[in-house]
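Just so you know, these numbers use all the heavy atoms, side chains as well, and skip hydrogens, waters and symmetry mates.
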Amino acid sequence: MATVVAFHAHPDDEVILTGGTLARAAAAGQRVVVVVATDGRVHDDDPVRLDELQASANLLGVHRVACLGYADSGYGPVFPPDPPGRTRFARADVEEAAQRLAEILREEDAELLLGYQRNGGYGHRDHVQVHHVGKRAAELAGTPRVLEVTMPREALLRAGNLARLLRLPPPYEPDVVRTAYAPRATITHRIDVRRFARQKRDALLAHRSQTAGLPVWSAVLRRVPPRAFALVLGREWFVDPQIPPGRVRRDIFE
């Protein structure tokens, strides 16, 4: 039994970016651990999202959930000051944060760490920090492999165009998508997670505080059958920075 640790910035990232892959690994008998850098709270009066994370993880078959304890840094041009007694993750000392994550990697004897690309996917400051902290933690713990979560940029552009035609909010603004994630030709792993579409959908809906703020998408998620959900979100993608692009692998342990 191998152990995979998925390192994410916030609660709900684990299911949006890797939910199907984690469910697939758990179903195959692998040990699955999710670590989030933050509790998802930008402001002290924001809802505590760690219970939602645990509910999502239970649906995906995750064996352990941990939080490094940092505050959410927020998205956008305004970088709020640190709240009393807490450090925003994007301001955290990389070495200190990496030591916290490396301790978990050692405890779990992890064979594989899932992290983020240098651009943080779409440029979120916490996602960029995940890349730096995850990379350093793998070095400290001697974790042999790191895969970087991504999506094909071309597919996101098409999804945005379709959303606008249907008068739905696009997943990302056009100026963000142009440099987001990775070109398809650079992706090394494409994972088929269609069998786990129902789990992924239900795990996403477990993040009630987030889906409540997107009533249109929440309604769509609740009504769409799993087969239709699988057509749209039935693949997940990764880049292995240690191998050249070319042949696409079908399993994260390949």
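- For residues 232-254, there are no ring-ring contact (aromatic ring centres under 6.0 Å, His included) pairs, not counting sequence neighbours.
- Linking Ile, Leu, Val, Met, Phe, Trp and Tyr residues whenever their side-chain heavy atoms come within less than 4.5 Å places Val33 and Val146 in a single cluster.
- Applying the side chain to side chain donor-acceptor pair (under 3.5 Å) rule to Glu108 yields the partners Arg31, Arg64; only residues at least two apart in sequence or on another chain are considered.
- Ring geometry for Tyr75 against His124 counts as parallel: the plane angle stays under 30°, on a 0 to 90° scale with 60° as the upper cut.
- Within the structure, salt bridge (Lys or Arg N to Asp or Glu O under 4.0 Å) contacts touching residues 141-159 (residues at least two apart or in different chains) are Arg145-Asp240.
- Proximity of Arg201 to Arg198: side-chain heavy atoms (C-beta onward) are separated by under 4.5 Å at one or more points.
- Here CG of Leu113 is found 6.0 Å from OG1 of Thr143. Values are rounded to the nearest 0.5 Å.
- Side-chain contact check for Thr3 versus Asp109: every heavy-atom pair is 4.5 Å or farther apart.
- Taking Glu254 as the reference, Arg247 meet the side chain to side chain donor-acceptor pair (under 3.5 Å) condition, with sequence neighbours excluded.
- Note on ring orientation: taking the six-membered ring where Trp is involved, the planes of His10 and His127 are tilted (angle from 30° to 60°).
- Listed by chain and residue number, Ala57, Asn58, Val65 satisfy the side chain to side chain contact (heavy atoms under 4.5 Å, CB included) test with Gln54 (two or more places apart in sequence, or in another chain).
- Taken together through direct or relayed side-chain contacts under 4.5 Å among Ile, Leu, Val, Met, Phe, Trp and Tyr, Phe7 and Ile191 form part of one hydrophobic cluster.
- Linking ILVMFWY side-chain heavy atoms closer than 4.5 Å, directly or via other members, places Val176 and Val128 in two distinct hydrophobic clusters.
- Separating the CD atom in Glu52 from the CG atom in Leu204 is a distance of 11.0 Å, to the nearest 0.5 Å.
- Between Thr186 and Val239, the closest heavy-atom pair is O-CG2, 3.7 Å.
- Between Asn119 and Tyr181, the shortest heavy-atom contact is ND2-O, 3.1 Å.
- When atom types are taken as modelled, the side chain of Thr38 and the backbone of Ala9 share a donor-acceptor pair closer than 3.5 angstrom.
- Distance check: Arg106 CZ to Leu101 CG gives 9.5 Å after rounding to the nearest 0.5 Å.
- Leu156 and Met151 make their closest contact through CD2-SD, 3.8 Å (heavy atoms, listed as atom of the first residue, atom of the second, distance).
- Listed for the Glu111 side chain is no donor-acceptor partner under 3.5 Å among the backbone atoms of Ala2.
- A salt bridge links Glu139 with Arg136: the distance from a Lys NZ or Arg NE/NH1/NH2 to an Asp or Glu carboxylate oxygen falls below 4.0 Å.
- In this view, Asp46 and Arg41, Val42, His43 satisfy the side chain to side chain contact (heavy atoms under 4.5 Å, CB included) rule, not counting sequence neighbours.
- Considering only heavy atoms from C-beta on, Val133 comes within 4.5 Å of Phe89 through its side chain.
- Taken to the nearest 0.5 Å, the CG atom of Asp202 stands 9.5 Å off from the CG atom of Leu60.
- When side chains are defined from C-beta on, Ile243 counts as touching His189, because their heavy atoms get closer than 4.5 Å.
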Tell me which donor-acceptor pairs under 3.5 Å the side chains of residues 14-29 have, and how far apart each pair is, sequence neighbours excluded?
unit_1: Glu14; atom_1: OE1; unit_2: Asp12; atom_2: N; d: 2.7
unit_1: Glu14; atom_1: OE2; unit_2: Ser56; atom_2: OG; d: 2.7
unit_1: Glu14; atom_1: OE2; unit_2: His207; atom_2: NE2; d: 2.7
unit_1: Thr18; atom_1: OG1; unit_2: His8; atom_2: NE2; d: 3.0
unit_1: Thr18; atom_1: OG1; unit_2: Glu14; atom_2: O; d: 2.7
unit_1: Thr21; atom_1: OG1; unit_2: Glu236; atom_2: OE1; d: 2.5
unit_1: Arg24; atom_1: NH1; unit_2: Asp192; atom_2: O; d: 3.0
unit_1: Arg24; atom_1: NH2; unit_2: Arg250; atom_2: O; d: 3.2
unit_1: Arg24; atom_1: NH2; unit_2: Asp251; atom_2: OD2; d: 3.4

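- Pairing each heavy atom of Gly40 with each of Asp72, the nearest pair is O-OD2, 3.5 Å.
- In this structure Asn161 satisfies the side chain to side chain donor-acceptor pair (under 3.5 Å) test together with Arg164, sequence neighbours excluded.
- Of the inter-residue distances, the one linking Ile187 atom CD1 with Arg249 atom CZ reads 13.5 Å to the nearest 0.5 angstrom.
- A heavy-atom distance below 4.5 Å is found between the side chains of Ile104 and Leu68.
- Residues Arg125 and Ser73 form a side-chain contact, since some pair of their non-hydrogen atoms from C-beta on lies under 4.5 Å apart.
- Applying the side chain to side chain contact (heavy atoms under 4.5 Å, CB included) rule to Pro83 yields the partners Asp44, Ala71, Arg86, Arg88; only residues at least two apart in sequence or on another chain are considered.
- When side chains are defined from C-beta on, Val4 counts as touching Leu114, because their heavy atoms get closer than 4.5 Å.
- Every side chain to side chain contact (heavy atoms under 4.5 Å, CB included) that Arg118 has, sequence neighbours left out, goes to His131, His132, Lys135.
- For Phe79, the ring pair (Phe, Tyr, Trp, His ring centres under 6.0 Å) test picks out no residue, with sequence neighbours left out.
- Looking at residues two or more places apart in sequence or on another chain, you find a side chain to side chain donor-acceptor pair (under 3.5 Å) between Asp82 and Arg91.
- When all heavy atoms are compared, the tightest approach of Asp126 to Ala90 is OD1-N, 3.3 Å.
- Annotation: side chain of Val32 is in contact with side chain of His63 (closest heavy-atom distance under 4.5 Å).
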Could you walk me through whether Glu95 and Leu140 pass the side chain to side chain contact (heavy atoms under 4.5 Å, CB included) test, one step at a time?
CA-CA 10 Å; Glu95 195 70 16; Leu140 291 170; 3.9 Å; yes
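- In terms of heavy-atom proximity, Leu147 sits nearest to Leu112 at CG-CD1, 3.9 Å.
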Full working for side chain to side chain contact (heavy atoms under 4.5 Å, CB included) between Val5 and Val35
CA-CA 7 Å; Val5 174; Val35 181; 3.8 Å; yes
